[in-house]
Amino acid sequence: MNEQEFAELAAAHALGALGETDERRFAEALAEHPEWQAIADDDHDTVAILAGGLAPVAPPQALRSTLLQQIASLPQDGGTTPTHPDDAAVGDDAGSRATGASAPAGAPWRRRIFALAAGLALIVGAGVATTTVVSQLQRPASVVALDEIRSAPDAEQVEVQLESGGTATAHWSGAVGKAVLVASGLDDLGADKSYELWFVRGEQPIAAGVFDADGGTATALLDVPMHAGDVIAVTVEQAGGSPSGLPTTDPIIVIPTA
């Protein structure tokens, strides 16, 4: 896969529009080319900006119809040569930038179809303000990260039982560079306390963010990079986390990753 093909997958991934096979291709390409992470990050940031800027306005029905007509009129199999000179220029330019194997035939057409479909989705989302598209764009960072980790070829997880009878599962991927904790059976701490995440590296605890339990469950992204062999731990601290940057209570969750 070349960088141009990866950029197409990254754009669709940011919108949550990839199927299982393409998600796997995306994760494998990112694992092989970590320098492309910036492309994926830019797309996620752009999607977040679009989601935050949507307002409940009613789009003209004619605009929606026009987009649907354009999508329907585009060839789907890549077998038709574009007749507009600008289209040909786009294809030539993309090909000249490719490294390794050339982009598959019809890639410029797929980009146009994707762009039109994304435009329609955003228009509909702006019109009703509560569509599936908007919900997808506004998913919590922890859920997005969990999906990325699960799709990675080196995804790992470890589950432990809690004294409360619940469970805590750590998910991580070296290729993605992220770790997420999914827990159930947690106590509601109230407004004056928070759960705090830690990486324990040797004898050194490293603060990695705070979270609250909603109905006894939580999905929390550790907000600092994980190193191989780190232990993931959770303590109960004052609201907002330990002011000293060190744990003040014994951990209620301890998950070794090595």
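This chain uses plain numbering: 1 for the first residue, then up along the sequence. Only heavy atoms go into these numbers, but all of them, side chains included; no hydrogens, no water, no symmetry mates.
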Connected-component partners of Val160 among ILVMFWY, side-chain separation under 4.5 Å: Val158, Leu162, Trp172, Leu181, Leu186, Leu189, Tyr195, Leu197, Phe199, Ile206, Phe211, Leu222, Val224, Met226, Ile232, Val234, Val236, Ile252, Ile253, Ile255
task: Specify the closest pair of heavy atoms between Ala152 and Val176, including all atoms of both residues, with the distance to one decimal.
output: CB-CG2, 3.7 Å
Side chain proximity check, Pro243 to Gln238, heavy atoms < 4.5 angstrom: yes
query: Rounded to the nearest 0.5 Å, what separation is found between the CD atom of Gln204 and the CG atom of Asp230?
result: 11.0 Å
Asp214, CG atom: more than 12 neighbouring heavy atoms under 6.0 Å: no
query: Who passes side chain to side chain donor-acceptor pair (under 3.5 Å) against Thr217, sequence neighbours left out?
result: none
Atom CD of Glu163: over 12 foreign heavy atoms under 6.0 Å: no
message: Determine whether a donor-acceptor pair (N or O, by modelled atom type, separation under 3.5 Å) exists between the side chain of Ser151 and the backbone of Ala27.
response: no
- prompt: Taking the side chain from Ser142 and the backbone from Thr219, do they hold a donor-acceptor pair closer than 3.5 Å?
  reply: yes
query: Would you find a donor on one side and an acceptor on the other, under 3.5 Å apart, between the side chain of Thr235 and the backbone of Thr249?
result: no
query: Judged by atom type as modelled, is there a donor-acceptor pair below 3.5 Å linking the side chain of Glu28 to the main-chain atoms of Arg25?
result: no
task: Can you sort out the partners of Glu23 under side chain to side chain donor-acceptor pair (under 3.5 Å), two or more places apart, ordered by chain and number?
output: His13
- request: Could you tell me whether the side chain of Ser194 and the main chain of Gly240 form a donor-acceptor pair under 3.5 Å?
  value: yes
message: Do Ile39 and Glu3 make a side-chain contact, defined as non-hydrogen atoms from C-beta onward lying under 4.5 Å apart?
response: yes
task: Please confirm whether the backbone N or O of Thr248 pairs with a side-chain atom of Glu237, one donor and one acceptor, at under 3.5 Å?
output: yes
